[in-house]
Every structure is written in C-alpha cells, then in structure tokens.
Amino acid sequence: MNDTLKKEMVGRGTREGAALFRDWFQDLTEKAKNGETAAYVFVMGSIAEILRTFDLPMVFPEIHSLQTAVRHVADDYLNVAEDYGYSPDICGYVKADFAMQMQNGKHPMGQIPKPGIAVLTNACNTYLKWAEIWERIYEVPMVSIDVPATREAGTRTWPGDDQFEREKKYIKAQLMELIEICEDHTGKKFDIDRLREVLGHVNTMSSGWKRVLELNQSRPSLFNALTDGTVYLGMSNVFRGTPEGAEFFTRLVEEMEYMSANGIGTLTDEKYRLSFIGVPCYPIFRRFNEMFTEWGGSFVMSSYLWFASGGSNLGFQYDLTDPLDSLSEGVLISVRDAMDSMFHPELTVLNNSKEYNIDGVVYHPIKSCRTTSAGMADNRRALMENSDLPSLFIESDMMDSRVVTEAQMKNRIDAFFEGLASRKAKATIGV
Amino acid sequence: MNVKVMEKWKNKSLDDILWLCQETVEDTEVMTVKRWREAGGKVLGHFQVYFPEEIAHAAGMLPMKMFGAPVEPRIADSRFGSYLCSIMKTCLEQVLSERVVLDMFVTHPICDAARNLAPIWGRNFDYPCQILYLPQNPNSSYSVQYLKEEYERIQGVIEKVAGCKISDNDLSNSITVYNKNRTLLRELYDIKRKEPWLITINEAYVLMAVGGLIPKEEHNEILGTALPMIKNRNTRKQDRIRVVFEGGFCEQPPLDMLRAIGRSCYVVDDDLLIGMRYLLGDIIENGKGPLHAMAESYINNSTYSPVQHDLRKPKEKMLRERFTKADAEAVIITAAKMCEPGLEEQVTYTQELDKDDTPYFVSEFEENMTSFDHIEIQLETFVENIMFD
C-alpha cells in the first residue's frame with residue numbers, strides 16, 4: 001500500500017468537511033455583520049433546490065444550535081430562553097436559537113445573520129412552532145411545504161399510484177407558490193436552467209451519500225456513523241445543491257472505496273458492530289462515542305443519517321428534463337422517507353442487519369425531540385419481538401446537559417457490552 | 001344503527017342529566033362504547049384535535065373521541081419514554097387494557113408525539129391505525145383540493161372496515177346531524193358568554209365531552225333537552241371575574257381542576273375539546289360534493305389551536321379576539337405537562353397580553369393530577385388582585 005496515498009486519502013472527508021464548514025460559517029458571519037439576511041431552513045426538507053436557484057444564503061438553525069452543545073455552551077443559551085419564559089420541557093434547539101436571536105446572532109463560531117425568509121416542511125411539527133417565533137420577531141415570510149407522510153406502515157405509494165400522483169400535485173402547487181414568494185423576496189425571476197444545474201449537483205450528492213452509507217457494510221467499518229457520519233451529514237445539508245457539495249461527495253466516495261478496497265477501517269479495534277437510533281448526545285458528543293469504542297463498539301449504521309439528511313440516503317435522482325415535476329416527486333419520496341425513518345427505524349435495521357453484520361442496536365431517546373423519541377420504547381419492543389438483536393435504551397438529551405448523566409449512562413453501556421461479550425462467547429462454544 | 005347507549009336520562013332533572021354526563025365522561029370502562037359494540041356496532045377511535053366524524057358516522061360506525069381517561073397507564077407506560085404528555089399514555093392504555101375495543105384508529109399530525117401514535121398503535125393492533133394528514137399548509141391554494149382527496153382516502157379505509165359503501169347522500173345526512181350538534185354547542189357557549197352563572201365550567205364541559213363517547217343523534221337529544229333547562233335555571237349571579245381558559249385543546253384538565261377554577265371565576269370561553277367546535281358554522285354543500293364542503297369548511301371556516309399554523313390566524317391575535325368577544329377580564333393560560341405546542345404558545349400568549357396589561361394566570365396541568373389546593377389558592381389570590389385593584 002502506498003503510504004503517501006493512504007495518508008492523503010484516509011480522513012480526507014473529515015478534514016475537507018471541517019474546512020468547508022469553517023468557510024461557510026465565516027461567510028455567514030460576514031453577511032451578518034453586513035446586515036444581510038438569510039433563508040432559515042431545516043435539515044428534513046430544506047428545499048435548497050429552489051432557494052439556491054435564487055442565490056439565497058441558508059442558515060440551518062438545528063446545526064447552529066447543536067454546535068453550542070458540542071462546544072459546551074448550550075446551557076448558557078438555554079438559560080436565556082428559559083428566563084424569557086420557555087419551558088425546560090421543550091426542544092433545546094428552539095431555545096438555543098431563540099437565545100441567539102435575542103443576542104444578535106451571537107454564536108461560538110461567529111455570528112448568524114437574521115432571517116429574511118423561513119422555509120420548512122412538516123417533517124417535524126416543532127419546525128412550525130419554531131418558524132412562528134421568527135415570523136413574530138422579524139415579520140418575515142414563513143413558507144411551509146406540507147409533505148403527506150406514510151399513513152400506516154406498509155402503505156407507501158409510488159409514482160403511478162393515484163394517491164402518490166395526487167400528493168405530488170399538492171407538493172408541486174406548494175413549490176410553485178414558494179417560487180413566487182422567492183421572486184417577490186429577491187426581486188429575481190425564477191430560472192429553470194439554474195434549477196436544473198442545482199438539481200444536477202443534488203443528484204451527485206445524493207448518489208454519493210447513498211454509496212457512502214452502503215460502503216460501511218465493509219469490515220472493519222470505514223467510518224463511525226455517529227461521529228464521522230455527523231460531519232458528512234452536515235455537508236450533505238449545508239452544501240446541498242452546490243458544486244462544492246458535489247465535489248465533496250465525489251471525493252468522499254473515492255476515499256471510502258479506497259479504504260474498503262484496502263481493508264482500512266476506523267481507529268476502533270472493531271469487535272461489535274452497532275446500529276444507532278435517534279439523535280446524538282451532543283453535550284458529551286465525543287465522550288458518548290468513547291463509551292462504546294472503549295469496548296470495541298463501532299457504529300456502522302445510524303437512523304440519524306437517514307432522517308436528518310432529509311431522506312437523501314435513498315439517493316433519489318432528479319430527472320433534469322422535467323425539473324419541477326421531478327423535484328415534487330423527489331421531495332415527496334425523500335422527506336416522507338425521513339419521517340418513516342423516525343417512526344419505523346426498526347424496519348430498516350431489520351432489513352439491513354445481515355448486510356451490515358449488526359451485533360446490537362442502541363436507542364437514544366431524548367427529552368428535546370418527541371418526533372424521534374416518543375415511539376422508541378415500543379419500537380424496541382417490536383425489534384426484540386422480530387429479531388434476536390440485543391438492544392440498549394438510554395435516555396438523555398441532544399442539548400440539555402442537566403439531563404445527561406454520564407456515570408449512569410456508562411453503567412448501562414458497560415452492562416450492555418458485558419451482555420454482548422457473553423453472547424459472543426456462548427456462540428463461539430455453540431451454547 | 002339506532003342504538004341508545006346512555007343511561008336513561010329522559011324525564012330527569014337538569015342536575016341528574018349533568019350528573020349522568022359526568023359519570024359517563026369519568027367512566028373508565030367507557031360503557032357507552034361497550035353498549036354500542038354489544039349491539040353489533042363498529043367503533044373508530046380518533047385522537048385529538050379534529051377529526052371529520054361525519055365520514056365514520058355515514059358508514060354507521062361510532063366515532064369515539066379519544067381525549068384521555070382517568071386511568072393508570074400500567075401497560076402503556078412500557079411503550080413510551082419519559083418526556084411525554086399523559087394523554088398519549090392513557091389513550092393507549094384504554095385499548096391495551098381492553099377497556100375500549102376499536103375497529104380502526106386515526107391520529108393526526110398535530111404534534112411530534114401524536115404522529116407517533118399511528119406507528120405505535122399499528123405495532124400493537126391488527127386493525128387499520130392511520131394518520132389522517134390534515135394539511136399543515138392551509139394557506140396553499142391547493143389545500144382544499146388536497147384535503148378533499150385525503151378525506152376520500154380515509155373514506156375508502158373506513159368503508160373497508162365498516163363493510164359498506166358510503167354514498168354522498170349518507171354523508172349529507174351525517175353533515176346535517178353534525179351541523180345540528182355544532183349549532184347546539186354554539187348555543188351552550190352563548191350561554192356561557194352571556195349568563196355564565198347559569199352553568200359552571202365543569203358542567204358545561206361534561207355536557208359537551210359526553211358527545212365524544214355517544215352517537216351524535218343522542219348527544220343532540222341531550223343538548224336539546226338540557227339547554228332550555230339551563231336557560232331557565234334559577235341561579236343567582238355572583239361576584240366573580242370573567243375569564244377565558246386557554247390550553248385545553250388536546251389533553252384535558254381534570255374535572256376537579258375545572259371545579260376549582262369555577263369556584264372563583266366565570267369561564268366565559270375556552271378551548272376545551274376545541275375539535276368538537278373547530279368548524280365555526282354549518283358545513284354548507286357547494287355542489288362539489290359533501291367531502292369538498294367539509295374540506296372547505298375546515299380550511300376556511302374554522303377556529304384556531306396551537307397545533308395548526310395558518311397565516312390568517314396568528315394565535316395571539318385569535319386569543320385576543322376570543323377574549324374580546326367574550327367580554328372577559330382575564331385569561332387563564334394553561335398547558336398540559338410536556339405538551340410542546342401548548343408550552344411554546346404560553347410564551348406567545350403572555351407576550352401578547354403584556355402589551356396592554358391584560359391580566360393572566362399561567363399554570364400547567366396533567367390529566368391525572370389529584371391535588372388542586374395550590375392552584376386554587378394561587379388563583380384566588382390572582383382574582384382578588386383583579387377585583388380589589
């Protein structure tokens with residue numbers, strides 16, 4: 001193996017992703033300082049395809065909120081919002097963002113511009129309540145794109161089905177209305193060729209994202225779905241529809257293919273391959289992962305990488321000959337899948353557990369997010385009924401360190417691994 | 001199916017009727033639904049806030065409004081995590097414990113928790129457990145058409161469960177029954193606004209809530225009998241402040257909490273079980289079919305709640321309108337514990353009311369709470385401050 005090439009290839013995605021992220025933040029800070037506004041959007045259905053067509057800069061409040069937790073300053077923000085009247089029991093992202101708005105966009109990585117328009121889907125109901133806050137503070141247009149999700153497990157419809165075609169028309173009508181609002185907001189005419197160009201970049205990114213996730217079937221795993229995966233996920237959202245994003249994913253696939261071909265894995269001495277379900281524990285992001293890697297546990301799969309990419313994991317490819325129709329179809333299929341990944345993650349885990357050689361499943365319900373957490377206990381029950389996969393259920397939060405109890409968590413995690421070890425030992429001797 | 005499921009209430013006094021309504025609402029065994037089933041009827045349970053019951057009614061099913069219950073969630077607790085409102089657990093407990101047996105369940109995308117109910121229910125029961133996707137973008141020009149088609153879709157599922165086809169004529173008949181019910185409920189609320197001393201908040205509540213557990217025709221009969229009796233009630237007006245109660249759109253406060261409020265306040269308007277009064281007027285058929293008329297009514301002639309975003313209905317302005325129309329003096333702003341939309345809206349409401357120093361009282365509740373001394377003392381102090389200011 002060529003050592004120079006190895007050094008250049010391995011970890012390239014993480015390095016390049018971090019650099020691009022810093023540039024993005026610097027750009028946002030400059031815009032904020034110049035008094036420019038941005039489009040506020042969310043990870044599950046950012047509709048970047050249309051916003052990029054109008055050259056609107058985008059802010060992802062979920063991402064700037066979670067960064068306060070990763071940088072251990074979330075509590076300061078949460079306190080500001082709670083002092084204002086927001087309950088300790090609501091989403092921590094909302095509160096951190098609200099506190100940021102109250103402090104002129106002050107953020108540990110720079111400054112966030114104010115919103116000029118808010119665009120959201122119904123993938124999370126809190127998006128609606130959250131955007132209402134900006135609507136009230138700044139009196140900005142708030143556009144919701146309503147995406148009907150799966151009504152009942154096993155009843156998804158597809159192109160050609162009556163129900164699917166009806167829902168696609170509803171989405172198309174809403175996207176057309178969004179275009180009109182963007183035209184008013186920016187003073188620019190909609191350019192369908194520019195949309196084609198953006199969709200082309202999204203196609204490259206989506207197929208790359210799908211391939212990256214598939215490649216983690218390799219043994220040892222190529223990346224940790226909880227830590228490295230979150231960096232890639234950020235890229236998939238923030239740079240959606242850009243040449244930089246397309247290039248990043250092209251090179252990331254190249255890196256992963258190289259690692260897979262050469263049997264290179266993560267730094268963890270992989271003994272157990274795990275699937276993660278939920279949202280990461282950002283207040284102790286690294287430490288949380290270490291509690292697993294210390295035992296040789298590696299997260300090879302994560303539902304977070306499905307739903308928080310807005311369903312890009314499906315790799316949906318837009319038809320550039322009919323961009324608006326295809327965009328409507330893609331939004332319906334992808335955002336719907338993001339919602340299904342929150343409500344029925346066990347189905348994907350069960351369908352893929354053999355390919356990914358899963359040894360156990362870690363459920364991480366959190367106080368902040370009822371969408372991902374409300375059904376988890378029952379989901380785990382169903383998983384146990386339908387497989388012999390061992391699972392762990394640990395509650396904490398993605399933002400609020402007051403409900404993150406590391407010592408208790410470690411006890412539970414240690415016990416889980418002791419169980420996995422004993423199971424493996426029994427399997428070895430054929431008991 | 002013409003089945004009477006309430007205990008015999010005819011020829012009874014108003015107090016006896018109200019007592020029967022209370023017994024029915026608090027009946028953990030939900031005997032009204034059991035009697036319906038014993039008579040061979042099928043039941044569609046639907047979660048809060050709004051469901052177009054007319055469609056189930058037209059298929060001959062009993063639509064049961066699932067608004068929680070005074071039960072301990074012993075089995076359901078294991079299906080949920082910690083940070084969750086109580087109503088989710090008690091509704092599931094009703095079915096897991098077999099106190100209630102359903103043939104179909106429907107929930108709505110009202111909040112992040114409620115959307116999970118269909119998947120959870122579906123993993124536990126074999127009958128259809130669906131989400132009715134009421135539009136979250138009612139401002140789209142396409143939303144009425146979309147909702148009409150969503151109603152058609154759910155009609156198809158209901159027809160399969162009921163084992164019969166629903167004709168437009170069936171739907172029109174059901175709309176007539178439900179229009180009558182909405183008219184009677186508006187009449188009840190008119191009394192509350194104009195002569196609140198004639199009926200306490202807890203009495204009005206049970207008289208309304210019982211309608212979620214019995215056939216609408218029977219509820220119409222009860223309301224039709226009780227309302228004139230209320231108007232003729234010999235109750236003296238007392239020196240209490242007029243308040244609007246906000247925060248009961250989904251999980252319901254315990255009756256004892258409503259009683260405690262009623263001891264110091266006249267609740268002249270509220271959002272308790274707002275789904276039963278969500279449509280503000282009759283559904284008027286417009287030549288495009290009954291489902292189109294129902295969709296039109298939901299999108300363009302409905303009230304507000306924290307779980308629907310509509311640019312035409314900013315919640316704080318809507319609360320202000322409710323307050324003004326009811327000629328109220330103060331607002332009680334509550335939210336169920338762990339109810340994200342309700343808790344978020346509390347901030348909005350208080351900000352709005354602060355603008356002109358409208359008095360308000362903020363609290364949280366849980367349907368299974370049992371101690372009200374604290375809230376009653378706080379509320380009395382609040383009322384005294386207003387009365388003697």
Side-chain angles (χ1 to χ4, degrees), chain A residues 84-87 89-91 94 121-122 124-126 128-133 135-136 142-146 148-155 163 166-167 169-170 172-174 177 339 342-344 346 365-379 381-382 385 393 395 397 403, chain B residues 78-85 88 109-120 122-124 128-133 135-143 145-146 149-150 153-154 157 306-309 311 314-316 335 337-341 343-348 350-351 362 364:
Chain A
Y84 193 84
Y86 284 103
S87 164
D89 298 324
I90 68 162
C91 171
V94 175
T121 67
N122 59 319
C124 162
N125 281 66
T126 300
L128 289 154
K129 306 306 294 176
W130 195 343
E132 283 177 354
I133 295 174
E135 195 183 25
R136 287 185 186 109
M142 167 181 166
V143 188
S144 47
I145 306 293
D146 189 19
T150 305
R151 313 310 202 282
E152 185 174 0
T155 63
Q163 187 187 324
R166 287 197 302 266
E167 288 168 5
K169 276 187 196 164
Y170 178 41
K172 192 170 181 179
Q174 295 178 81
E177 287 163 352
M339 295 189 254
M342 295 186 286
F343 301 140
H344 295 288
E346 87 285 7
I366 50 173
K367 180 181 78 164
S368 274
C369 182
R370 274 85 174 168
T371 320
T372 57
S373 307
M376 269 193 205
D378 187 66
N379 197 281
R381 183 193 58 75
E385 264 182 27
F393 193 82
E395 283 187 306
D397 197 43
V403 293
Chain B
S78 66
R79 262 59 172 191
F80 296 104
S82 302
Y83 304 105
L84 211 58
C85 55
M88 293 270 292
I110 58 162
C111 71
D112 297 329
R115 295 163 74 194
N116 270 286
L117 276 180
I120 293 170
R123 286 191 287 263
N124 285 276
C129 303
Q130 291 253 327
I131 301 180
L132 175 73
Y133 256 91
Q136 291 282 28
N137 184 5
N139 303 111
S140 168
S141 59
Y142 204 83
S143 61
Q145 176 66 20
Y146 159 75
E149 289 166 357
E150 177 65 353
R153 185 192 66 76
I154 204 81
V157 182
V307 294
Q308 189 202 37
H309 176 76
L311 297 169
K315 264 79 78 178
E316 64 274 33
K337 285 189 191 300
M338 300 289 169
C339 167
E340 184 139 18
L343 290 166
E344 279 160 346
E345 220 59 76
Q346 279 191 327
V347 180
T348 313
T350 54
Q351 292 290 307
V362 177
E364 285 183 32

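What you see below is based on every heavy atom in this structure, not just the backbone, and it leaves out hydrogens, waters and symmetry mates. The sequence lines fix the lettering, A, B, ..., with proteins before strands; numbering per chain opens at 1.
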Could you tell me whether a side-chain N or O of [X] sits under 3.5 Å from a main-chain N or O of [Y], the two making a donor and an acceptor?
X        : Y        : result
B/Glu340 : A/Cys91  : yes
B/Arg79  : A/Arg381 : no
A/Glu152 : B/Cys129 : yes
B/Glu344 : A/Tyr86  : no
A/Asp89  : B/Lys337 : no

At a 4.5 Å cut-off on heavy atoms, which part of [X] comes close to chain B: side chain, backbone, both, or neither?
X        : answer
A/Val94  : side chain
A/Glu135 : side chain
A/Pro148 : both
A/Ile133 : neither
A/Cys369 : neither
A/Ser144 : both
A/Ala131 : neither
A/Thr121 : neither
A/Met142 : both

Would you mind telling me which of [options] has the largest number of heavy-atom pairs within less than 4.5 Å of chain A?
options                               : result
B/Asn116, B/Leu84, B/Leu343, B/Ile131 : B/Asn116
B/Met88, B/Glu316, B/Glu364           : B/Glu316
B/Val307, B/Thr348, B/Leu311          : B/Thr348
B/Cys111, B/Gly122, B/Gly81           : B/Cys111
B/Leu117, B/Ile110, B/Val157          : B/Ile110

So, using side-chain contact (heavy atoms from CB on, under 4.5 Å) as the criterion, who are the partners of B/Thr350 when residues are at least two apart?
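Partners of B/Thr350 by the side-chain contact (heavy atoms from CB on, under 4.5 Å) criterion, ordered by chain and then number, come out as B/Ile333, B/Tyr360, B/Val362.
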
Under a 4.5 Å cutoff for heavy-atom pairs, which residue among A/Asn379, A/Val403, A/Thr150, A/Val143 has the most contacts with chain B?
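Ranked by heavy-atom pairs under 4.5 Å with chain B, first place is A/Asn379.
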
Look at A/Ser368, A/Cys124, A/Pro365 and state which one has the largest set of heavy-atom pairs under 4.5 Å with chain B.
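Most heavy-atom pairs under 4.5 Å with chain B: A/Cys124.
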
Stepwise side-chain contact (heavy atoms from CB on, under 4.5 Å) check, B/Gln346 with A/Ser87
CA-CA 9 Å; B/Gln346 279 191 327; A/Ser87 164; 6.0 Å; no

Shortest non-hydrogen contact from [X] to [Y]?
X        : Y        : answer
A/Ala377 : B/Ser78  : CB-O, 3.6 Å
B/Ile120 : A/Ala374 : CD1-O, 3.9 Å
A/Ala149 : B/Tyr133 : CB-OH, 3.0 Å
A/Phe343 : B/Arg123 : O-NH1, 3.1 Å
B/Tyr83  : A/Lys367 : CD1-CA, 3.3 Å
B/Ala118 : A/Arg151 : CB-O, 4.4 Å

If you measure from CD on B/Glu150 to CD on A/Gln163, what distance do you get to the nearest 0.5 Å?
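Going from the CD atom of B/Glu150 to the CD atom of A/Gln163 covers 7.0 Å.
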
From A/Leu128 atom CG to B/His309 atom NE2, the distance as rounded to the nearest 0.5 Å
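So the gap between those two atoms works out to 7.0 Å.
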
Identify which part of B/Pro314 has an atom lying under 4.5 Å from any heavy atom of chain A, answering side chain, backbone, both or neither.
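Answer is neither: B/Pro314 stays 4.5 Å or more from chain A.
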
Check the side chains of [Y] and [X] for a donor-acceptor pair under 3.5 angstrom, ignoring hydrogens and angles.
X        : Y        : result
B/Arg115 : A/Asn125 : yes
A/Gln174 : B/Ser140 : no
A/Thr126 : B/Asp112 : yes
B/Gln351 : A/Tyr84  : yes

Does a side-chain N-to-carboxylate-O contact under 4.0 Å join B/Glu149 and A/Lys169?
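No, no charged N to carboxylate O under 4.0 Å.
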
Sequence-distant partners of A/Glu132, salt bridge (Lys or Arg N to Asp or Glu O under 4.0 Å), two or more places apart
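Applying salt bridge (Lys or Arg N to Asp or Glu O under 4.0 Å) to A/Glu132 gives A/Lys129, A/Arg136, B/Lys315.
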
